[in-house]
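Got a structure for you, written out below as structure tokens; questions coming shortly.
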Number of protein chains: 2
Amino acid sequence: MAAARPDPQPRRAATRSRAKRADAVATLRGAAGPRSAEKGGAQPWRKRVAHETTIVQAAERVFAGAGFGGATMAEIAKAAGLPKPNLHYYFGSKQALYRAVLERTLREWLEPADCIVATAEPREALERYIREKMRLSFARPYASRVWANELLHGAPELRTTLVRTLRPLMRRKVAVIDQWIAEGRMAPVDSSHLFFTIWAATQTYADFEVQICAVLGCASLDRAAQARATQHVVSLILRGCGLS
Amino acid sequence: MAAARPDPQPRRAATRSRAKRADAVATLRGAAGPRSAEKGGAQPWRKRVAHETTIVQAAERVFAGAGFGGATMAEIAKAAGLPKPNLHYYFGSKQALYRAVLERTLREWLEPADCIVATAEPREALERYIREKMRLSFARPYASRVWANELLHGAPELRTTLVRTLRPLMRRKVAVIDQWIAEGRMAPVDSSHLFFTIWAATQTYADFEVQICAVLGCASLDRAAQARATQHVVSLILRGCGLS
DNA sequence: CCTACTTTTGACCATTTGGTCAATTATGCG
DNA sequence: CGCATAATTGACCAAATGGTCAAAAGTAGG
């Protein structure tokens with residue numbers, strides 16, 4: 001996760017035809033900010049990262065709009081403003097590109113859980129967690145939809161990731177909630193299912209936005225509506241946990 | 001909606017090539033039980049309905065598993081145990097078949113809301129509503145997923161349905177909740193958002209089953225696990241509504 | 001049996017789509 | 001400059017896919 005970028009290395013050239021694809025994904029994984037200890041104006045791979053990011057963002061939008069099967073590489077290319085073979089140059093295949101999108105999302109998705117720790121105040125921690133989830137839902141609806149779409153279809157690409165990454169994390173978080181309950185600091189809810197409910201209640205604003213807007217009779221949720229939604233989810237769940 | 005079936009009429013034959021498609025959808029719409037006032041052993045269209053049902057069920061499974069774009073008519077045909085042109089005979093196109101699946105789901109989806117009426121006891125009505133939604137989620141996961149998938153991708157097929165059918169219904173239900181709140185019979189929650197939360201919390205068990213199973217570490221939710229989930233959602237939301 | 005119909009089905013087609021290639025152009029470096 | 005490597009891109013291809021058709025096979029009523 002924190003692995004430093006492999007810098008502008010010749011990227012292990014084989015006959016090239018086979019070598020190009022592969023690890024563009026790895027690039028994105030640690031692309032956050034290792035611009036530090038490099039030489040002077042390291043612009044060679046700067047452009048590469050920029051392109052990869054452009055592509056992944058375009059792909060995110062297109063995959064969100066049509067699903068994996070419905071999205072086409074041509075459409076993604078158009079959305080990214082690049083010729084199609086270029087996508088294949090950076091990400092060997094449609095599937096690899098899709099994976100890159102999912103991987104990027106997963107990291108962002110797990111982050112908010114950091115505030116669920118035993119030493120925290122239950123009410124404060126949960127409220128913060130829910131608010132952060134709501135914020136993500138409104139800020140990155142496409143990412144949420146790609147993720148939802150993947151789960152919806154049985155998670156063919158990240159079933160193992162769910163078991164190997166999400167599950168261990170959740171075990172720890174669930175233990176924290178259970179401890180809070182044991183200490184009588186909140187009502188005895190089922191901690192695992194509490195997370196499922198929070199995920200569902202928050203992400204529904206990204207995933208099923210059309211339905212919500214159709215019912216509310218608005219084209220999209222403005223700032224005020226987002227705040228109202230957030231307030232609703234926070235207070236409903238906190239009260240449900242006996243934390244009002 | 002209650003329109004009687006057009007019985008084994010010559011089904012307005014034009015040059016046939018163009019006539020065959022069309023209204024298989026209409027058939028399904030009112031196919032519930034008009035077996036009543038017909039003549040004797042009305043078996044001619046009996047088989048037709050059976051086939052249409054078979055096809056729609058197969059389509060539901062396949063669409064749920066791959067989305068509209070990812071599903072193929074060939075796959076649906078195989079799942080239905082019929083040759084591909086047969087599907088086109090009953091439902092003119094892939095899109096029409098998809099619509100038929102969605103339409104069937106919508107009816108089932110709206111039904112549980114019948115118990116939300118002003119004269120009912122809030123606690124009892126809401127609990128019943130939630131339980132019914134949970135039951136549907138476990139009983140018809142494929143339908144839920146097709147629906148979710150459609151919403152996820154912007155509801156291209158049923159945006160108008162949402163506005164013309166779901167919205168009016170919800171206006172009435174929301175009014176009921178608001179009345180209950182005004183009468184001081186439950187906590188002052190945002191009634192529209194309460195529905196969004198209930199939908200999300202219940203349908204997550206169908207839509208994101210893989211994620212839930214991955215976290216819980218089980219292959220699928222057995223009866224006991226389903227009961228636990230249901231109990232969790234019911235008590236969390238009721239308490240959230242001040243109805244414990 | 002015969003006529004008129006609905007239904008079934010194998011063979012087929014035009015289009016779309018993921019992916020490839022080879023040729024070409026940038027780019028870094030000695 | 002000149003070499004090597006990375007990046008770009010127009011042209012292409014094989015496979016998959018939604019949809020069509022016409023011939024064949026039921027099926028009901030006269």
Side-chain angles (χ1 to χ4, degrees), chain A residues 6-24 27 39-52 54-55 59 62-63 66 68-78 80-98, chain B residues 6-24 27 39-52 54-55 59 62-63 66 68-78 80-98:
Chain A
D7 57 2
Q9 209 180 130
R11 60 177 29 254
R12 70 154 150 36
T15 33
R16 169 154 157 279
S17 239
R18 293 278 126 229
K20 55 180 188 183
R21 65 197 294 285
D23 57 351
T27 297
K39 296 202 169 188
Q43 283 196 340
W45 59 278
R46 188 99 185 209
K47 193 177 168 189
R48 183 184 195 89
V49 171
H51 268 189
E52 286 173 359
T54 302
I55 294 171
V62 176
F63 281 133
F68 179 80
T72 70
M73 291 299 272
E75 207 177 341
I76 296 173
K78 209 180 83 182
L82 292 169
K84 192 175 59 154
N86 211 308
L87 309 203
H88 280 91
Y89 178 74
Y90 284 107
F91 304 82
S93 67
K94 185 185 182 184
Q95 189 175 317
L97 176 53
Y98 182 63
Chain B
D7 58 3
Q9 211 180 130
R11 60 178 29 252
R12 70 153 150 36
T15 31
R16 168 155 157 281
S17 240
R18 293 279 125 229
K20 54 181 188 182
R21 66 194 295 286
D23 56 352
T27 298
K39 297 204 168 187
Q43 283 197 339
W45 59 279
R46 188 100 185 207
K47 192 177 170 189
R48 183 183 195 91
V49 171
H51 268 189
E52 286 173 0
T54 302
I55 294 171
V62 176
F63 280 132
F68 179 79
T72 71
M73 291 299 271
E75 209 177 340
I76 296 174
K78 210 180 83 183
L82 293 169
K84 192 174 59 156
N86 211 308
L87 309 204
H88 280 91
Y89 177 74
Y90 284 108
F91 304 83
S93 67
K94 185 185 182 184
Q95 189 175 318
L97 176 52
Y98 182 62

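Computed from a predicted structure; not experimentally measured. Letters A, B, ... mirror the listed sequences (proteins, then strands); counts begin at 1.
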Is the A/Tyr98 ring parallel, tilted or perpendicular to the A/Phe63 ring (thresholds 30°, 60°)? perpendicular
Ranking C/dT9, D/dG18, D/dT9 by distance to the side chain of A/Pro83, first place goes to D/dT9
Rounded to the Å, how far apart are A/His88 NE2 and D/dA7 P? 17 Å
Does A/Tyr89 put a side-chain nitrogen or oxygen below 4.0 Å from OP1 or OP2 of D/dA7? yes
Measure the distance from CZ on B/Arg48 to C1' on C/dT7 and round it to the nearest whole Å. 9 Å
Where the side chain of A/Met73 is defined as all heavy atoms beyond and including C-beta, which of C/dG10, D/dT8, C/dG18 is the nearest nucleotide? C/dG18
Atom pair distance, as rounded to whole Å: CD in B/Glu75 and C1' in D/dG18: 14 Å
Side chain of B/Pro85, heavy atoms from C-beta onward: which of C/dT17, C/dG10, C/dT6 has the nearest atom to it? C/dG10
Rounded to whole Å, the CG-C1' distance (A/Asn86 to D/dG10) equals 13 Å
Pick base, sugar-phosphate or nothing for B/Ala71, based on heavy-atom distances below 4.0 Å to the nucleic acid. sugar-phosphate
How long is the gap from OG1 on B/Thr54 to CG on B/Leu87, to the nearest 0.5 Å? 11.0 Å
Interatomic distance, NZ@A/Lys94 vs CZ@A/Phe68, rounded to 0.5 Å, equals 4.5 Å
For C/dT8 and B/Tyr90 - does any side-chain N or O of the residue sit under 4.0 Å from the phosphate oxygens OP1/OP2? yes
Does any donor-acceptor pair link the side chain of A/Lys94 with the base of C/dG19 at a separation under 3.5 Å? no
Could you tell me the separation between the CE atom of B/Met73 and the NZ atom of B/Lys84, rounded to the nearest 0.5 Å? 8.0 Å
